Protein chains: 2
Amino acid sequence: MNAGRPRKSEPEDILEKAMQVFWAQGYEATSMADIMAATGLHKGSLYQTFGDKKSLFMAALARYLDHMFLEQKAIIDQLADQPALALRTALNNMLNMKCEHNDTLHGGCMAVNSLVDSAPFDEDISQLIEHKKGRMINEFMKLIMQIHEQNPGQLNGSPEVIGGMIGVTMQGLSIEMKNNMDVKQANTMLNHQLNLLGL
Amino acid sequence: MNAGRPRKSEPEDILEKAMQVFWAQGYEATSMADIMAATGLHKGSLYQTFGDKKSLFMAALARYLDHMFLEQKAIIDQLADQPALALRTALNNMLNMKCEHNDTLHGGCMAVNSLVDSAPFDEDISQLIEHKKGRMINEFMKLIMQIHEQNPGQLNGSPEVIGGMIGVTMQGLSIEMKNNMDVKQANTMLNHQLNLLGL
DNA sequence: CCTATTTATGACCATTTGGTCATAAATGAA
DNA sequence: TTCATTTATGACCAAATGGTCATAAATAGG
């Protein structure tokens, strides 16, 4: 049916490899030569498939955030009858995902990294993160509201404040994990924080 | 006494201006041309005075961290008899400093920014931040220990955990402030967190 | 004045960057 | 076999980068 020379790799596989490089190095610090080395493709093919560097980066970042979201959504759905456990499990799993691809490479959270080195200078990237992040936060807020309705007075703060502080904690832990902290210690601190919040 | 052509600007003033640019844009995203524009000096002079780009950046980062440290140290010394108030005041002041230079420019914390876009790729920068950050943390830990000894059982966690969670919170707030959050909201969240910790 | 010294200047350089494009290779269909 | 189509390749390009250096300007002292 299809004519034409066959692909060396599927776009999804190329994107996955590009994502790893952008995740580890950031947008500015990653050159197309790095992407070429990681994917095994020459730049002509990359530009033909993805447009330009920024589009490729945004596709990789979207892939990262979609993957992150779907995995947490699955956990939440599976534990739908235990919102507190669902929240804890999903948040801890988020931390674990930030190191899964390579034990020695401290990537942190690709979105938090981008929030520092790309989003402030590019409205498109900023909006992409904003949107995907909001989708994740909505899920967490739903759980927090459920917990709050099940047992008003359990939470040490309004649902909005609780949600906000979880966000701050996750971003802070991402920075720590990118530098010194190992996953285990991060999980411990996260759970301590959740205890403090009354979750 | 001194011969030679007089300086256009003092190195300290040059460094201050370079710091502002690095703070706002990060190391990689800042070119020597940006520094030239900000300082009014030509690259020859800059290289003669500071060596290379990395040395200039490290000098600027050190200046930032020293300034940050000294201001907080002054607050702490002034409130030496009220360690809890000293800690609260110093931490809130840190947040305020991150926006003082420009209301519309969201710089966040220059050290946290560097922890994302420079430190992972440069051991010298990493060690500089580690060292200066440790000095600040030591001051906070001394206050936490004092509070703990004054009233054991007040804190919701060991001093080490409390210190760690303050660090996580500050770094998380820095990310938020660099993107959306205004200083006032950040102060509110910080104080809520300190309440939770029993401070 | 002249000289030594310090600083400022901007032309210059090699390298790297993101990006383009003409060409070649590999397929299915006619 | 031929042709249209799709993908891969790498030479090529203009612009920007960090960095150097010879020269000029501005001072103090002799």
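In what follows, chains are A, B, ... by sequence order, proteins preceding strands, each numbered from 1. Just so you know, these numbers come straight off a predicted model, no measurement behind them.
Counting non-hydrogen atoms under 4.0 angstrom, A:T30 reaches the backbone sugars and phosphates but no base. Residue-level contact check: A:S31 touches the backbone only, with heavy atoms under 4.0 Å from sugar-phosphate atoms and none from bases.
In terms of polar N and O atoms assigned as donor or acceptor, the side chain of A:K43 comes within less than 3.5 Å of the base of C:dG19 in a complementary pairing.
Contact between the side-chain N/O atoms of B:R7 and the OP1/OP2 oxygens of C:dT7 is found at a separation under 4.0 Å. Phosphate contact (OP1/OP2 of D:dT9, side-chain N/O of A:K8, threshold under 4.0 Å): present. In this model, the phosphate group of D:dG10 is approached by a side-chain N or O of A:H42 to a distance below 4.0 Å at OP1 or OP2.
Side chain of A:R5, nearest nucleotide from C:dA24, C:dA8, D:dG18: C:dA24. Distances were taken from every side-chain heavy atom of B:Y47 (C-beta onward) to each of D:dG18, D:dA8, C:dG19; the shortest belongs to D:dG18.
The CE atom of A:M32 sits 17 Å away from the C1' atom of D:dA11 (whole-angstrom rounding). Taking atom CE of B:M36 as the reference point, atom C1' of C:dG10 lies 8 Å away to the nearest angstrom. Residue B:D13 contributes atom CG, which lies 12 Å from atom P of C:dA8 at whole-angstrom precision.
The nearest pair of heavy atoms linking A:Y64 to A:M110 is OH-N, 3.2 Å.
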